[in-house]
Protein chains: 2
Amino acid sequence: MNSGADVAIETIHREMTSFARRARALAGRLHPELSLVSFALLGHLEEGSGCRATDLAEHYALDKSTVSRQVAVLEREGLVERRQDAEDQRVQVLQLTEEGRRMLARVSERRRAAFKERLDGWSQEDLVRFASYLERYNAGPSAGAASPED
Amino acid sequence: MNSGADVAIETIHREMTSFARRARALAGRLHPELSLVSFALLGHLEEGSGCRATDLAEHYALDKSTVSRQVAVLEREGLVERRQDAEDQRVQVLQLTEEGRRMLARVSERRRAAFKERLDGWSQEDLVRFASYLERYNAGPSAGAASPED
DNA sequence: GCCCGTGGTTGTATTCTGCAACCAGAACGT
DNA sequence: ACGTTCTGGTTGCAGAATACAACCACGGGC
């Protein structure tokens, strides 16, 4: 790899980190009602209907106790529901409630608005290309060293 | 804004968020000796030699008290130095120590390796363009080009 | 029926964080 | 010069997120 690419990687590395930092810091401020993790968990539940706490823990590299507590909070707030699995009594299948769906949509909308503002003035071509780069990056070249279980 | 751009924004939103939570989950695991925030702060110090705690706070959307404490830790560990500003006695200019530079290089190297693996196979052109998009995004809300130090 | 693996919860300690109160130096107006 | 306000920074405090370990409940082999 030549040095131009190295510099680019260094930059990508730094900027992505910076972004992560800001996203985390802002998540709590902009949406006090839904932490970044809760948001991610809800989002996960939205996609595939029904999943286990253990799945979430593994997917987000979180301890199962953490997920357990987060889910407990979300349940107490009426955003998710648990359903005992008929097959296996140990398992609790998690699902979004209607309220959870609404909340997710609301927060999602606000976040999207923030992004939109930040991306105002970009040409469509740049937006599309940027999006594709991010997708490509997150998809990972395969095993993805930067993301063991994802 | 047309729908093509909207889709792109949606994607950018999702992918960046995805990245953020993974980075967060990973930070503590990969580099127990340097939290994500500490790493970011050190990195920031490396670029422009000398900056104030307030600058860091603003840049990373952190409370100044948080930065104060983080910096205190980094100082105690001998990674950064404070220097009273001659102009303004209130100001403490922060700088990396040699040890700090070494530590940063070490962790940076490990992180870069992870990124590199993930970015393996990208053309230099794509890397450079991706990097510039990220910089542009992080620089702020399209503040007509050269937005200074944020 | 017993033991072990798996899904989840709870106890405990740590870390990070923000807010508010505070201190010290600078900037400004009178 | 003096007081007021502003700015950079620290500290007290409280809350949230997290990991780790111990634990409970169920399921599956033996």
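Computed over heavy atoms, backbone and side chain alike; hydrogens, waters and symmetry mates excluded. The sequence lines fix the lettering, A, B, ..., with proteins before strands; numbering per chain opens at 1.
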*asked:* Tell me whether B/Glu87 at atom CD has more than 12 heavy atoms from other residues, nucleotides or ligands lying less than 6.0 Å away.
replied: no
*Would you please confirm or rule out a distance under 4.0 Å between OP1 or OP2 of D/dA16 and any side-chain N or O of A/Ser35?*
no
*If you measure from the Lys or Arg side-chain nitrogens to the Asp or Glu carboxylate oxygens, is any gap between B/Arg106 and B/Glu109 under 4.0 Å?*
no
*asked:* Base, sugar-phosphate or nothing for B/Thr54? Non-hydrogen atoms, less than 4.0 Å.
replied: sugar-phosphate
*When rounded to the nearest 0.5 angstrom, what is the spacing between CG in A/Leu79 and OG1 in A/Thr97?*
5.5 Å
*asked:* What I want to find out is whether A/Arg112 reaches B/Asp6 closely enough, with some N-O distance under 4.0 Å, to be called a salt bridge.
replied: no
*asked:* Between P on D/dT10 and CD on B/Gln70, what's the gap in Å once rounded to a whole number?
replied: 12 Å
*Could you state the CG-C1' distance from B/Leu74 to D/dG9, rounded to the nearest angstrom?*
16 Å
*asked:* Would you compute the distance between atom CD of B/Gln92 and atom OG of B/Ser68 and round it to the nearest 0.5 angstrom?
replied: 8.0 Å
*Between A/Thr66 and D/dA19, is there a side-chain N or O to OP1/OP2 distance below 4.0 Å?*
yes
*Toward the 5' end of DNA chain C, by each residue's nearest nucleotide, A/Arg69 or A/Gln92*: A/Gln92
*Would you classify B/Val37 as touching base, sugar-phosphate or nothing, given that sugar-phosphate means primed atoms plus P, OP1 and OP2, and contacts are heavy atoms under 4.0 Å?*
sugar-phosphate
_I need the minimum non-hydrogen distance between B/Asp88 and B/Arg90, along with the two atoms involved._
OD2-NH2, 2.6 Å
*Checking A/Arg111 against A/Phe39: charged group under 6.0 Å from the ring centre and within 45 degrees of the axis?*
yes
*Could you state the atom-to-atom distance from CG of B/Leu62 to P of D/dA16 in whole Å?*
19 Å
*asked:* Ring centres under 6.0 Å, that's the criterion: do A/Trp122 and B/Tyr133 meet it?
replied: yes
_Once you apply a heavy-atom cut-off of 4.0 Å, does B/Ala57 come out as touching a base, just sugar-phosphate, or nothing?_
nothing
*Nucleotide interval of DNA chain C bounded by contacts with chain B (heavy-atom cut-off, under 4.0 Å)*: C/dC16 to C/dA26
*Letter per nucleotide, 5' to 3', of nucleotides 22-30 of chain D [B base touched, S only sugar-phosphate touched, - untouched; heavy atoms, 4.0 Å]*: ---BBS---
*Atom pair CE/CG of A/Met103 and A/Leu74 - distance to nearest 0.5 Å*: 9.5 Å
